[in-house]
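Worksheet for the structure shown next.
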Amino acid sequence: MDGDPGYDVFGMDVARFGSYAANDRYLRSMTAQFYARRFVMAYPNEELPAGRPLKTTPCYDSFRAEGAQFTVNWGLEVPLYFAPMLGPAGRLKDDLTVTRLADDRFWLTGSYDLQDWHQRWFRGHLPEIGVSVRNITDDWMGFSVSGPASRTILRTLAHDDVSNGAFPFLAVRQMDVRTAQAVVGRISLTGELGYEIVVPTNRHRTLLVELREAGQEYGLRLVGDRAVDSLPLEKGYGIWSAEFRQDYTPRMSGLDRFVAFDKGDFIGREGALRERAEGPKQRHVLLEVDAGDADAVKDDGIWIGERMVGFVTSGAYGHHVRKSLALAYVDADVAESQPEFTVFVVGEPLSARILSEVPYDPKGARLRDATA
């Protein structure tokens with residue numbers, strides 16, 4: 001009745017589809033696929049072929065030629081591997097990155113599959129005059145470059161000073177990167193020194209060629225979303241739709257540190273303040289699971305004896321730390337006592353425990369590398 005069902009119902013929201021789905025070939029092939037599989041078991045990480053490929057980047061053929069296996073994100077083919085904005089109730093609406101490019105111009109980056117959903121929210125809350133919002137997702141594309149040599153590679157291509165002093169952690173600015181005007185952010189989901197380089201779509205393929213030329217002597221390699229599933233877990237990083245959802249709150253998810261409670265009125269302030277005073281019912285934690293040949297997946301239950309005390313939001317094997325890891329929400333009372341848990345992975349009860357610190361580079365020294 002008030003526009004907020006109280007739970008994350010994006011799976012039933014028409015905004016989960018874009019205009020890409022409004023064509024006969026896509027609808028027929030998807031309908032046939034779902035009908036044929038209505039009694040078939042669905043497995044984690046399973047990729048289905050219907051309606052694909054539908055949307056591709058300029059570098060799609062290059063990725064395929066190098067053995068890329070793809071997943072689909074809002075109709076767009078994305079490589080897997082190579083073989084806080086709040087709602088009125090004080091719950092999360094997204095973990096957008098906001099960059100101020102000029103006094104009156106801001107660059108917002110959010111989840112690719114939520115662009116129609118975001119636009120609907122922004123349009124519904126724009127002031128009558130003075131502010132406009134435009135979706136430029138199809139106009140800009142880019143690459144994330146991570147690792148100890150990423151600054152050296154960027155320095156080869158950029159015209160600006162990208163040393164630690166001139167371009168510190170979390171800085172974002174416009175600069176020329178070889179032949180294109182780019183928006184570059186010193187941001188990384190891998191836990192390593194890294195940068196996100198975004199250019200006009202018609203320069204995307206050229207940027208790939210230039211990056212590979214500059215990075216050849218440093219062992220630059222392509223990676224896909226499978227690596228990006230694993231690496232953030234070693235740092236305890238959450239993502240939207242898994243650790244961060246509309247029915248979770250800033251305090252329980254750990255995003256309350258990004259809420260400016262002292263800035264005056266904003267949507268959701270009352271609810272967020274109430275939760276801060278009362279405390280959350282559940283907390284976001286990182287678990288080490290005694291897994292063998294399978295890792296925990298979303299919605300696997302977490303138990304203490306006969307009591308279910310939480311659930312997994314995402315899981316993967318951490319190849320650097322050689323641990324099976326899972327991000328999860330557990331009841332606040334047991335999160336503080338940090339007991340031994342049981343997680344059921346493919347029906348098998350396995351021991352798990354809360355990690356008191358992230359297993360990879362807990363002080364973030366590599367991410368904030370200040371050596372140059």
Quick one: does any side-chain atom of [X] pair with a main-chain N or O of [Y] as donor and acceptor, under 3.5 Å?
{"X": "R251", "Y": "P280", "result": "no"}
{"X": "E234", "Y": "H319", "result": "yes"}
{"X": "K55", "Y": "V72", "result": "no"}
{"X": "S146", "Y": "G194", "result": "no"}

Atom NE2 of H125 with >12 non-hydrogen neighbours under 6.0 angstrom: yes
Whether over 12 other heavy atoms sit under 6.0 Å from Q174 CD: yes
What's the spacing between [X] [atom1] and [Y] [atom2] if we round to 0.5 Å?
{"X": "R155", "Y": "I153", "atom1": "CZ", "atom2": "CD1", "answer": "11.5 Å"}
{"X": "L114", "Y": "W240", "atom1": "CG", "atom2": "CH2", "answer": "7.0 Å"}
{"X": "T249", "Y": "H284", "atom1": "OG1", "atom2": "NE2", "answer": "12.0 Å"}
{"X": "R52", "Y": "Y26", "atom1": "CZ", "atom2": "OH", "answer": "9.5 Å"}
{"X": "R212", "Y": "L207", "atom1": "CZ", "atom2": "CG", "answer": "12.0 Å"}
{"X": "M252", "Y": "E275", "atom1": "CE", "atom2": "CD", "answer": "8.0 Å"}

Test salt bridge (charged side-chain N to carboxylate O under 4.0 Å, His left out) applied to D333 and K281, R307, R283, the passing residue: R307
Any donor-acceptor pair under 3.5 Å linking the side-chain atoms of [Y] with those of [X]?
{"X": "E47", "Y": "T71", "answer": "yes"}
{"X": "T179", "Y": "E210", "answer": "yes"}
{"X": "D331", "Y": "Q282", "answer": "yes"}
{"X": "N135", "Y": "Q119", "answer": "no"}

Within-4.5 Å side-chain heavy-atom neighbours: I197 and L211: yes
Non-hydrogen side-chain atoms of V184 and V172 separated by less than 4.5 Å: no
Test log, rule side chain to side chain contact (heavy atoms under 4.5 Å, CB included), inputs R120 and D13: CA-CA 12 Å; R120 184 174 64 194; D13 194 322; 2.6 Å; yes
Trace of the side chain to side chain contact (heavy atoms under 4.5 Å, CB included) decision for L108 with F122: CA-CA 11 Å; L108 278 67; F122 294 147; 3.7 Å; yes
Geometric cation-pi criterion, R276 with F261: 6.0 Å, 45°: yes
NZ/NE/NH1/NH2 to OD/OE distance under 4.0 Å, D369 and R151: yes
Selection residues 21-41 - residue pairs positive for salt bridge (Lys or Arg N to Asp or Glu O under 4.0 Å), sequence neighbours left out: D24-R28, R37-E46
Plane angle bin for W74 and Y112 - parallel if under 30°, tilted between 30 and 60°, otherwise perpendicular: perpendicular
Run the side-chain donor-acceptor check on residues 310-318: report pairs under 3.5 Å with partners two or more places apart or on a different chain.
residue: T313; atom: OG1; partner: E243; partner atom: OE2; Å: 2.6
residue: T313; atom: OG1; partner: L327; partner atom: O; Å: 3.0
residue: S314; atom: OG; partner: E243; partner atom: OE2; Å: 2.5

